[in-house]
Asks: 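What follows is a structure written as structure tokens; I'll ask about it next.
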Amino acid sequence: MVTGAAGFIGSNISMRLINEGYSVVGIDNFITGDKKNIVELLKEEEFTFSEGDINDIEMLREKMEDVSYVLHQAAIPSVPRSIADPLASNRANIDGTLSVLAAARDCEVEKLVFASSSAVYGKSEDLPIKETSIPNPLSPYALNKLTGEIYCRLFYELYGLKTTSLRYFNVFGPRQNPSSDYAAVIPKFISSIANDEAPVIYGDGTQIRDFVYVEDVVTANIRAMKSGAVGEYNIASGRRTSIVELAEQINEILGKEIQPRFDSPREGDIKYSLADISKAKETFGYCPRFSLEEGLKRTAEWFSR
Ligand SMILES: NC(=O)c1ccc[n+]([C@@H]2O[C@H](COP(=O)([O-])OP(=O)(O)OC[C@H]3O[C@@H](n4cnc5c(N)ncnc54)[C@H](O)[C@@H]3O)[C@@H](O)[C@H]2O)c1
């Protein structure tokens with residue numbers, strides 16, 4: 001089962017699983033996902049989809065009956081949105097995760113992989129960040145994800161449900177939404193630069209991010225799913241890129257020279273984010289394959305279709 005299957009990462013995971021010969025049950029309520037993301041999947045015989053909320057535990061129990069693995073991606077995935085509406089984020093991200101865990105326990109699922117976030121670290125001066133760094137959530141979203149991780153651990157300890165939490169850093173790639181108010185930086189920059197509009201940088205652009213291409217995140221999910229690993233793992237590229245550099249690279253790839261516009265920093269944003277990925281490498285052989293340039297080229301190509 002893939003929760004959040006109509007979202008950016010969930011749809012990419014579902015497609016890979018289908019291509020690898022698995023049967024996939026997709027769940028989504030389209031709160032941030034898009035029907036367009038599952039158009040190709042719906043043509044596949046081995047993909048079944050249910051529109052529904054992960055807080056509906058009866059529906060989950062029914063759909064999980066013959067499920068071996070749950071890849072739990074569904075969430076309201078935005079720091080600013082969680083600051084604007086903390087109750088909605090709590091319901092989707094904490095209550096929803098608890099329902100998914102309880103249904104997985106009841107249906108004796110073999111393994112549950114939870115999409116957590118680097119947001120759990122908050123402001124960490126200690127770069128690159130290791131999983132042993134003490135979490136310091138600075139937004140409701142970060143707290144939601146940390147709570148989800150702790151529930152995952154508890155469900156393993158109390159009920160024996162094997163769980164892995166993957167702390168994604170900045171994921172990018174095809175099907176990421178460029179147009180919501182809460183859109184991520186790469187699809188927003190590609191979309192504005194392609195349309196000859198100045199990309200907006202919050203702050204001075206020297207902030208560092210660790211961008212990871214979605215296909216590497218998909219691989220991490222499948223490796224974690226098949227492994228006995230329990231606990232928290234950074235999933236990133238381990239490369240540092242500033243936002244100014246990112247704008248330059250996208251200009252280069254699109255053959256443009258659009259200068260960015262600078263605006264005030266956003267609430268809850270952190271200055272530096274860079275992962276140490278050795279734990280995932282050593283435990284389940286995670287090894288990112290895509291360079292930033294290759295990932296950006298593929299993403300830009302997809303957006304231009
Ligand atoms: N994209 C990133 O860089 C990033 C970084 C860290 C963590 N994550 C996490 O990865 C996961 C996937 O993120 P994404 O970028 O694909 O976002 P997305 O918004 O594209 O996907 C999330 C999906 O979950 C669905 N959803 C939300 N609440 C639901 C509910 N109550 N019931 C059923 N479906 C629901 C949405 O409709 C959407 O399709 C999220 O858990 C997110 O927090 C993403």
Side-chain angles (χ1 to χ4, degrees), residues 1-5 9-10 13-14 16-17 20-28 48 50 52-75 90-118 120-121 130-135 137 142-168 217-235 277-286:
M1 174 179 285
V2 178
T3 70
I9 300 172
I13 293 176
S14 301
R16 174 88 72 81
L17 287 171
E20 290 194 3
Y22 291 91
S23 300
V24 178
V25 181
I27 307 281
D28 207 294
T48 50
S50 289
D53 194 305
I54 52 167
N55 280 296
D56 180 351
I57 191 164
E58 287 309 325
M59 178 276 288
L60 285 181
R61 283 199 190 105
E62 190 189 311
K63 302 290 170 195
M64 253 185 230
E65 214 165 308
D66 299 317
V67 162
S68 311
Y69 307 110
V70 176
L71 301 162
H72 173 38
Q73 311 299 309
N90 201 87
R91 268 192 301 275
N93 302 351
I94 296 185
D95 297 349
T97 296
L98 182 55
S99 294
V100 174
L101 282 163
R105 174 203 59 187
D106 297 346
C107 296
E108 296 178 6
V109 160
E110 278 176 43
K111 182 72 184 269
L112 180 143
V113 182
F114 170 56
S116 185
S117 167
S118 59
V120 300
Y121 293 116
K130 281 188 190 301
E131 292 83 348
T132 45
S133 177
I134 295 171
L143 180 61
N144 297 165
K145 289 293 178 185
L146 183 60
T147 310
E149 289 184 356
I150 299 171
Y151 264 128
C152 283
R153 270 194 180 268
L154 267 182
F155 268 68
Y156 175 61
E157 282 157 17
L158 297 176
Y159 312 114
L161 171 65
K162 287 204 195 86
T163 53
T164 311
S165 296
L166 301 182
R167 292 178 174 166
Y168 304 162
V217 174
V218 171
T219 305
N221 270 274
I222 296 175
R223 284 185 174 264
M225 169 184 108
K226 291 194 212 161
S227 83
V230 171
E232 301 77 32
Y233 296 85
N234 288 342
I235 298 301
I277 53 175
S278 49
K279 189 180 172 198
K281 264 189 184 159
E282 284 153 20
T283 315
F284 49 85
Y286 167 68

Asks: Can you tell me if T163 uses its side chain to pair, donor with acceptor, with the backbone of Y156 under 3.5 Å?
Replies: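 Here the side-chain-to-backbone pair does not exist.
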Asks: So which heavy atom on V109 is nearest to which on L161, and how close?
Replies: O-CD1, 3.5 Å
Asks: What are the two closest non-hydrogen atoms of K162 and G228, and how far apart are they?
Replies: CD-O, 4.3 Å
Asks: Assess whether atom CD1 of I134 is packed by more than 12 heavy atoms of other residues, nucleotides or ligands within 6.0 Å.
Replies: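 Not buried by this count: 12 neighbours or fewer within 6.0 Å.
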Asks: Please report the shortest heavy-atom distance between I27 and G52, naming the atom on each side.
Replies: CG2-O, 3.8 Å
Asks: Are any of the side-chain heavy atoms of V113 and V70 separated by less than 4.5 Å?
Replies: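 No, their side chains stay 4.5 Å or more apart.
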Asks: After noting the C-alpha distance and the side-chain angles of N90 and N144, does the key distance pass the side-chain contact (heavy atoms from CB on, under 4.5 Å) rule?
Replies: CA-CA 6 Å; N90 201 87; N144 297 165; 3.8 Å; yes
Asks: Is the backbone of A280 close enough, under 3.5 Å, to the side chain of T283 for a donor and an acceptor to pair up by distance?
Replies: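 Side chain of T283 to backbone of A280: no pair is present.
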Asks: Main chain of D56, side chain of D53: is a donor-acceptor contact present, judged purely on distance under 3.5 Å?
Replies: no
Asks: CG/L166 to CG/L71 distance, rounded to the nearest 0.5 angstrom?
Replies: 9.0 Å
Asks: Starting at OG of S116, measure out to OH of Y168 and round the result to the nearest 0.5 Å.
Replies: 9.5 Å
Asks: Considering non-hydrogen atoms only, spot the tightest contact between I54 and S99 and give its length.
Replies: O-CB, 3.1 Å
Asks: Using the ring of Y159 (Phe, Tyr or Trp, six-membered ring only), decide whether R105 places NZ or CZ under 6.0 Å from its centre and within 45 degrees of its axis.
Replies: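 Yes, a cation-pi geometry holds between R105 and Y159.
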Asks: How long is the span from the OG atom in S165 to the CD1 atom in I235, to the nearest 0.5 Å?
Replies: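 Rounded to the nearest 0.5 Å, the OG-CD1 separation comes out at 11.0 Å.
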Asks: Under 6.0 Å between the ring centres of F284 and Y233?
Replies: yes
Asks: Under the side-chain contact (heavy atoms from CB on, under 4.5 Å) rule, what do I9 and V217 come out as? Steps first, then yes or no, please.
Replies: CA-CA 8 Å; I9 300 172; V217 174; 4.2 Å; yes
Asks: Grab the two heavy atoms, one from L112 and one from A104, that are nearest each other, plus how far apart they are.
Replies: CD1-CB, 4.0 Å
Asks: Could you tell me whether the side chain of P135 reaches within less than 4.5 Å of the side chain of L146, counting heavy atoms only?
Replies: yes
Asks: Could you tell me the separation between the OH atom of Y151 and the CD1 atom of I94, rounded to the nearest 0.5 Å?
Replies: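 So the gap between those two atoms works out to 8.0 Å.
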Asks: Any salt bridge (Lys or Arg N to Asp or Glu O under 4.0 Å) involving residues 143-158? Give me the pairs, sequence neighbours left out, ordered by first then second residue.
Replies: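 Residue pairs with at least one partner in residues 143-158: E149-R167, R153-E232.
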Asks: Applying side chain to side chain donor-acceptor pair (under 3.5 Å), run through N234 and Y286 and close with a yes or a no.
Replies: CA-CA 10 Å; N234 288 342; Y286 167 68; over 6 Å; no
Asks: Taking NZ in K279 as the centre, count heavy atoms belonging to other residues, nucleotides or ligands within less than 6.0 Å. Is the count above 12?
Replies: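 Enclosed: over 12 neighbouring heavy atoms sit under 6.0 Å from NZ of K279.
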Asks: How many angstroms lie between atom NE2 of H72 and atom CG of L60, to the nearest 0.5 angstrom?
Replies: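 Reported to 0.5 Å precision, the distance equals 9.0 Å.
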Asks: How many angstroms lie between atom CG of L154 and atom OG1 of T147, to the nearest 0.5 angstrom?
Replies: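 Separation between the atoms: 11.0 Å.
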Asks: Hey, does the side chain of K111 reach the backbone of A224 with a donor-acceptor pair shorter than 3.5 angstrom?
Replies: yes
Asks: Can you list the steps and then say if L17 with M225 is a side-chain contact (heavy atoms from CB on, under 4.5 Å)?
Replies: CA-CA 11 Å; L17 287 171; M225 169 184 108; 4.3 Å; yes
Asks: Can you check whether Y121 reaches S133 side chain to side chain, under 4.5 Å on heavy atoms?
Replies: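 Of all side-chain heavy-atom pairs linking S133 with Y121, at least one is under 4.5 Å.
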Asks: Look at the side chain of T164 and the backbone N and O of A229, then say whether any donor-acceptor pair between them is shorter than 3.5 Å.
Replies: yes
Asks: When you look at V67 and E110, which way does the side-chain contact (heavy atoms from CB on, under 4.5 Å) test go after all the steps?
Replies: CA-CA 8 Å; V67 162; E110 278 176 43; over 6 Å; no
Asks: Other residues, nucleotides and ligands only: do more than 12 of their heavy atoms fall within 6.0 Å of CZ on F155?
Replies: yes
Asks: Do side-chain atoms of N55 reach the backbone of R91 as a donor and acceptor pair under 3.5 angstrom?
Replies: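 Yes.
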Asks: Does the pair Y69 and N221 meet the rule for a side chain to side chain donor-acceptor pair (under 3.5 Å), with working shown?
Replies: CA-CA 11 Å; Y69 307 110; N221 270 274; over 6 Å; no
Asks: Considering all heavy atoms of both residues, which atom of S14 and which atom of A5 are nearest to each other, and what is their separation?
Replies: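 The answer is OG-CB, 3.9 Å.
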